[in-house]
Amino acid sequence: MEKRLNGMNFFTRSICENSMFDIHYETLAEGHNLYEQYSKDEQVVYAEYVESNSDSHNPYIESIPLPRSLKELEEDFTQPVYSYSKEELENMSLSEKLENIAMLREQFRIMLPFHESLDRAIYQALIKGYRNRRISFDSSSIGRTTNADFECNSPVKMYKDPLHLESYGSFNVEGYGGTGKSLALSIIMSHYKQVIIHRLKGGGEIYQILYLIVQCPPNGNMAAFYSNIGKAVDTAIGYTYPAFQKRIDKVRSLGEKLNIVINIIERFNIGLLICDEIQMFLTSKNNGKNRVNVKTESFQAITTIMNSTGVSIGVIGTEIAYRLIFEDQIHQNRRLGKTIYADSYCSNQATFMRILSSLIDYQWTDVKITKKDLTPELLKAFMDCTHGIIDLIIGLYSAVQHEALITERKTKINDSFVRKVAKKYYPNLMKTIDNIDASEYDKTRLAEIEEANKLIKKDISKQSDIENEKTISRIKSKPSDKDALVKAAVVRITAVTDDFKVNSIIDTAKELYETGNYTITDEKQFSKDVMKLLSGKKVKAKKKPDRVSKDVMMQFLDNNKQDTN
């Protein structure tokens, strides 16, 4: 329950007492949001504010873009395959079709059931990450420095109120590899501007880093994890020199590194820290063999960060990683808040059918799959071979289209063909997919995808070479005008007389061609002119077009020069 003083939360009271932020509220029309004047690529913006009823005068919350509607979220997650064009399909070469198919995995997007839950959880985490945290001002620094000045003390720092209970604004997302967790995260976070600059009434500016996405390093290396946080801050505020990363790397002990990270979170008013790919913490090597090595004592530092600063934490990774790291850490489970199961759709037949129905909008084969062709047998083949995981569904569908083209398959794609393709491109994955909860599964999946991509790229290269060779051969086999005219002259002249040797005819014909302007349409006239030359007569060769002299060209350019003044 939120603690309040005189009906006002701690943060709001602090802001009102200091009254340092220069806030001007926006009135948004329906369907509009904050920061629409900025392009999607601009991630550092000046603060705009919308008045909040529940968090009035909290600039860090009132500057956060309002949440999207379900329709807007669906639009963000639905993306066409831009390389696909039905109009251009008929004129595509085989290698072009294969290249289009290879781009399907990169470009195909569709909304999945867990996306709405994740979007809502992230918005709530941002709000709670700024609720009930105090702010301190150094009035002597304001107007002269900002909190982004590496060499100077920060004029403003946000920290957790020691009297306030945990807000539980954090969340965790778990699921099999390939279910779309990281992609969903990147699409949802694109709705927010990462760095918001607030103007202060007394002059000066304050940087608010709304969120940081930090990749977890392998082997539970917490020193590298802290370093990645520093690097993420440098990148967010636009430092080309890794100032804050270097500051963290310079100290040796993990305790000192942790203290610097806490200071950075307070200095830059960070609302949400997202730890992506937590399964990377698990793998270490022992005598060349992989084994699970869960360093929960090191990972507890993340809980310390949350408790010390009040920042919200998002944890994203595979189910096996989450279970191994947290199953005995009840206090950490409680603080990590809501769990979102990203792979729950994998057993949902309606979602599975919707994915395949959307995929068959993109086909490069002569014989197309229709919705009527999505028989129970074909659907079962896809489900058995992919476990309903979207990355594997797209990959297998791409491989099916690819294989049907390179084998010049003319019959409809059926369940046996799907299983055959799965066995060819993902042989080892098919052996392990029934044991999908095993810690080795994700590693196998990534290795199989890499091998499948190599096979597909090799086929594309091979087909491109075949087509290029055909083009070269066609050009080479087609005689030039010169060769055709010389050959015609030899045939015509030797047909009417034996007075001239073939070599003489060829030499004379070649010489005449070089001095004239004959084309294949002049075949008869060319042969007559060659005959005249062989007979000692003069020939008025067909003239080549006159080249424009340099003087004439310069005069032309001078007369047509544009006045650029």
In terms of heavy-atom contacts, Thr365 and Ala404 come closest through CG2-CB, 3.6 Å
Worksheet item: Would Asp459 and His402 satisfy side-chain hydrogen bond (donor to acceptor under 3.5 Å, both in side chains), going step by step from the backbone distance to the final call?
Response: CA-CA 9 Å; Asp459 282 336; His402 179 95; 2.9 Å; yes
**Report entry** Sidechain-backbone polar pair: Gln463 side chain, Ile406 backbone, donor-acceptor under 3.5 Å
**Finding:** no
What one should report as the nearest heavy-atom pair of Lys97 and Leu89 is CE-O, 3.6 Å
(Q) For Thr370, is there any backbone N or O sitting under 3.5 Å from a side-chain donor or acceptor partner on Asp373? (A) yes
Could you pull out all donor-acceptor pairs under 3.5 Å where a side-chain atom in residues 345-360 meets a protein atom, sequence neighbours excluded?
residue : atom : partner : partner atom : Å
Tyr345  : OH   : Thr179  : O            : 3.1
Tyr345  : OH   : Ile390  : N            : 3.2
Asn348  : OD1  : Ala350  : N            : 2.9
Asn348  : OD1  : Thr351  : N            : 3.2
Arg354  : NH1  : Met111  : O            : 2.9
Arg354  : NH2  : Met111  : O            : 3.0
Ser357  : OG   : Met353  : O            : 2.8
Ser358  : OG   : Arg354  : O            : 3.0

Pair Glu277 + Lys181, salt bridge at N-O below 4.0 Å:
no
field: Any Glu523 side-chain heavy atom under 4.5 Å of Arg492 side chain
entry: yes
Short N-O contact, Glu451 and Lys454, less than 4.0 angstrom: yes
What one should report as the nearest heavy-atom pair of Trp364 and Lys368 is C-NZ, 3.9 Å
Take a 6.0 Å sphere around NZ of Lys462 and say whether it holds more than 12 heavy atoms from other residues, nucleotides or ligands.
no
Between Tyr518 and Asp529 the two heavy atoms that sit nearest each other are OH-OD2, 2.7 Å
*Lys420, NZ atom: more than 12 neighbouring heavy atoms under 6.0 Å*: no
For residues 228-237, which side-chain N or O atoms pair as donor and acceptor with protein atoms under 3.5 Å away, sequence neighbours left out?
residue : atom : partner : partner atom : Å
Asn228  : ND2  : Gln215  : O            : 3.0
Asp234  : OD1  : Ala243  : N            : 3.4
Asp234  : OD1  : Phe244  : N            : 3.0
Asp234  : OD2  : Ala243  : N            : 3.3
Asp234  : OD2  : Phe244  : N            : 3.2
Asp234  : OD2  : Gln245  : N            : 3.0
Thr235  : OG1  : Lys231  : O            : 3.0

The ring-ring contact (aromatic ring centres under 6.0 Å, His included) partners of Phe225 (sequence neighbours excluded) come to Phe281
With sequence neighbours left out, the residues meeting side-chain hydrogen bond (donor to acceptor under 3.5 Å, both in side chains) with Asn33 are none
The complete set of salt bridge (Lys or Arg N to Asp or Glu O under 4.0 Å) pairs with one or both residues in residues 391-401, sequence neighbours excluded, reads Arg105-Asp391, Asp391-Arg445
Enumerate, atom names and distances included, each donor-acceptor pair closer than 3.5 Å involving a side-chain atom of residues 114-126, sequence neighbours excluded.
residue : atom : partner : partner atom : Å
His115  : ND1  : Leu112  : N            : 2.9
Asp119  : OD1  : Arg68   : NH2          : 2.6

With side chains defined as the heavy atoms from C-beta onward, is the minimum distance between Asp384 and Arg419 less than 4.5 Å?
-> yes
Closest non-hydrogen contact found for Ser182 with Asp276 is OG-OD2, 3.1 Å
Counting only heavy atoms not in Glu75 (residues, nucleotides, ligands), do more than 12 fall under 6.0 Å from its CD?
yes
